[in-house]
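Shown next, in structure tokens, is the structure this report addresses.
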Amino acid sequence: MVAKIDYYDRPEWSYSSMKLILDHGIDYAVAAKRGDIPGPDSKAIDLGQLAHMLLLGGEDQFAISYFKDFRTNEAKAWRDEQKNAGKYIITQEMFDAVSKMVANVENHPMSKRYIFSKNATHEHEMFATTADGVALKGKADVFILNDDSAIVIDIKTTAKFDTFFRTAQWMHYDLQAANYTLIASSSANINPALTKFVYCVMESVAPYRVQFMVAGIDFVEAGERKLRQCIDEIIKFGNKEPNFLIEEVLELGDYSL
């Protein structure tokens with residue numbers, strides 16, 4: 001029996017790896033995808049990941065600390081034990097805040113349609129290959145497949161709820177929408193025009209607002225242009241090795257204060 005390859009170890013290009021092409025160039029993106037560029041040394045607390053776990057299920061990677069600080073030997077021993085187990089250490093206040101976020105999602109009138117639909121699958125892995133031969137992958141937080149249509153839902157947390165749309169632009173969420181729409185349609189063998197991409201946006205600070213946002217035509221088309229750019233860069237790069245000796249000479253302007 002052949003062991004299943006973990007999603008994150010698979011070689012296909014994901015939205016996360018492709019957006020590095022837009023921000024840092026193809027050489028950097030290829031090196032990061034191969035693991036040549038080391039990640040952060042410390043395990044940062046990700047409350048969005050906690051919200052995902054409480055809402056959709058999955059492995060519990062969090063440990064709530066009941067210590068005021070870690071000055072005592074008992075507290076240090078507990079902290080080290082959790083870190084060695086790969087846990088994120090959070091406070092009760094953090095857990096309570098995320099619990100309120102999740103409760104608001106669960107109580108939202110649209111959640112029955114988008115998050116808890118009877119046809120919904122959570123953490124749904126999708127794979128597809130473009131006509132150019134570029135292999136893509138995506139992991140939908142929620143995937144709903146109907147007879148001839150599909151809905152992909154991605155859950156986002158933000159402390160800046162009122163500026164989420166602008167954040168979506170520079171975070172390349174439009175690329176994500178285009179990428180997931182293409183993969184979902186291809187893997188489910190349905191018309192891309194009948195695939196809807198929806199964001200469930202959760203505010204991470206009081207009052208913990210929740211809103212569902214549907215990716216419109218202009219938003220998806222902007223992402224498709226970015227996706228085309230990324231695919232072209234991947235094809236052009238081919239099997240070359242990343243090169244960080246940038247030959248282009250950059251001319252700096254004279255900016256006065």
Side-chain angles (χ1 to χ4, degrees), residues 4-53 55-56 58-59 61 86 88 121-130 132 134-143 152-159 164-187 195 197-202 204 213 215 219-220 222-237 242 244:
K4 180 182 177 181
I5 302 175
D6 182 78
Y7 171 84
Y8 297 102
D9 293 331
R10 291 183 61 112
E12 294 92 347
W13 283 86
S14 67
Y15 148 70
S16 297
S17 55
M18 282 195 297
K19 73 176 183 177
L20 294 178
I21 299 175
L22 302 176
D23 291 334
H24 305 291
I26 184 64
D27 294 276
Y28 186 100
V30 170
K33 183 173 177 289
R34 296 194 321 191
D36 296 343
I37 299 176
D41 293 333
S42 61
K43 197 171 187 181
I45 295 175
D46 185 352
L47 295 185
Q49 185 176 337
L50 174 58
H52 275 67
M53 188 269 291
L55 192 61
L56 305 178
E59 182 183 359
Q61 296 181 301
Y88 294 94
T121 56
H122 295 169
E123 302 295 327
H124 182 80
E125 298 178 4
M126 306 175 295
F127 308 94
T129 301
T130 69
D132 310 281
V134 176
L136 305 176
K137 66 179 179 181
K139 195 171 188 178
D141 289 336
V142 183
F143 179 72
V152 179
I153 299 98
D154 191 72
I155 299 171
K156 297 292 187 189
T157 57
T158 178
F164 178 81
F165 180 77
R166 289 200 297 273
T167 299
Q169 307 300 305
W170 61 265
M171 287 293 288
H172 305 305
Y173 291 161
D174 49 357
L175 170 64
Q176 182 187 26
N179 186 19
Y180 279 38
T181 298
L182 171 63
I183 300 172
S185 302
S186 178
S187 61
T195 299
F197 191 91
V198 179
Y199 285 109
C200 173
V201 184
M202 309 164 60
S204 60
M213 303 180 184
F219 189 78
V220 176
E224 288 174 345
R225 290 190 290 272
K226 291 181 179 180
L227 180 59
R228 182 70 258 170
Q229 178 184 342
C230 290
I231 291 173
D232 289 344
E233 290 282 352
I234 292 168
I235 294 172
K236 181 180 178 181
F237 187 86
F244 296 110

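Note: hydrogens, waters and symmetry copies are ignored here, and every other heavy atom, side chains too, is used.
- The CG atom of N179 sits 11.0 Å away from atom CG of D174, with the distance rounded to the nearest 0.5 Å.
- Classification of the Y199-F164 ring pair by plane angle, with boundaries at 30° and 60°, yields perpendicular.
- With rounding to the nearest 0.5 Å, the separation of CD in E125 from CZ in R10 is 7.5 Å.
- Judged by distance alone, the side chain of Y88 and the main-chain N or O of L50 form no donor-acceptor pair under 3.5 Å.
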**OP:** Take K236 and I26 through the test side-chain contact (heavy atoms from CB on, under 4.5 Å) and record every step on the way to the result.
**Re:** CA-CA 10 Å; K236 181 180 178 181; I26 184 64; over 6 Å; no
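- Of all heavy-atom pairs between D154 and F197, the closest is CB-CZ, 3.8 Å.
- Each of S17, S14, S187 was evaluated against K137; a single residue qualifies, S14, per the side-chain contact (heavy atoms from CB on, under 4.5 Å) test.
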Original post:
Passes side-chain contact (heavy atoms from CB on, under 4.5 Å), E12 versus L136? Steps please.
Top reply: CA-CA 5 Å; E12 294 92 347; L136 305 176; 5.5 Å; no
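- Counting only heavy atoms from C-beta outward, the side chains of M53 and E59 never approach each other to under 4.5 Å.
- Closest non-hydrogen pair, A177 versus T181, comes out as O-OG1, 2.6 Å.
- Within 6.0 Å of atom CZ in F165, 12 or fewer heavy atoms from other residues, nucleotides or ligands are found, so the atom counts as exposed in its surroundings.
- Between T157 and L47, the closest side-chain pair of non-hydrogen atoms is not below 4.5 Å.
- Interatomic distance, CG of L22 versus CH2 of W170, reported as 14.0 Å (0.5 Å rounding).
- Residues P242 and F237 approach most closely at N-CZ, 3.7 Å, considering heavy atoms.
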**OP:** Report the C-alpha separation of L182 and T130 in whole Å, then their side-chain angles, then the decisive distance to 0.1 Å, and conclude whether the side-chain contact (heavy atoms from CB on, under 4.5 Å) test is met.
**Re:** CA-CA 9 Å; L182 171 63; T130 69; 4.2 Å; yes
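- C200 contributes atom SG, which lies 7.0 Å from atom CG of L55 (distance to the nearest 0.5 angstrom).
- Considering NE2 of H122 and NE2 of H52, their distance stands at 10.5 Å, rounded to 0.5 Å.
- Proximity of a side-chain donor or acceptor of K156 to a complementary backbone N or O of G48 within less than 3.5 Å is not detected.
- Remark: D27 engages no residue in a salt bridge (charged side-chain N to carboxylate O under 4.0 Å, His left out) (not counting sequence neighbours).
- Considering every non-hydrogen atom in both Y15 and Y180, the closest pair reads CB-CE1, 4.2 Å.
- At a threshold of 4.5 Å between non-hydrogen side-chain atoms, the residues Q169 and F219 count as touching.
- In terms of heavy-atom proximity, L20 sits nearest to A32 at CD1-CB, 3.7 Å.
- For the pair M171/K19, a side-chain contact is recorded, criterion being any heavy-atom separation below 4.5 Å from C-beta on.
- The shortest heavy-atom contact between M18 and W13 is CG-CE3, 3.8 Å.
- The only option from I155, I153, V152 that meets the side-chain contact (heavy atoms from CB on, under 4.5 Å) definition with D141 turns out to be I155.
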Can you give me every donor-acceptor pair (side chain of residues 227-235, partner residue at least two apart or in another chain, under 3.5 Å) with its distance?
residue, atom, partner, partner atom, Å
R228, NE, D232, OD1, 3.1
R228, NH1, D132, OD2, 3.3
R228, NH2, D132, OD2, 3.2
R228, NH2, D232, OD1, 2.8

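- For E224, there are no salt bridge (charged side-chain N to carboxylate O under 4.0 Å, His left out) partners two or more places apart in sequence or in a different chain.
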